[in-house]
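Notes follow once the structure below has been shown.
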Amino acid sequence: MEPISDFLRQLFPAIPREKITTLSCRHVIPKDNLLTQVVSVGPRKVDFEFKFSTREDENIVCRFLTRVSVEE
């Protein structure tokens, strides 16, 4: 996942960048098989709040899965 610098800064703030080795590869699936979408509102027009404090909120997960399955 690029850019990786944000991930490294957040996950390993105390480790100097030159001490971290990364491996980068091409996509493992064809680009034609990849779809990205921004989903910010649920099926009932309620905003999703994807944040640390709501990471285990089953209501958000269910609303998100409902929205994704409806759109397909």
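Not measured: the values here are computed from a predicted model.
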Inset, instruction - Using the test salt bridge (Lys or Arg N to Asp or Glu O under 4.0 Å), find all partners of D6 that sit at least two apart in sequence or belong to another chain. - result: R9
Taking only distance into account, with no hydrogens and no angle test, what donor-acceptor pairs under 3.5 Å do side-chain atoms of residues 13-22 form with protein atoms, sequence neighbours excluded?
unit_1: R17; atom_1: NH1; unit_2: I20; atom_2: O; d: 3.4

Inset, instruction - Taking the side chain as every heavy atom from C-beta outward, state whether N59 and C62 have any pair of such atoms under 4.5 Å apart. - result: no
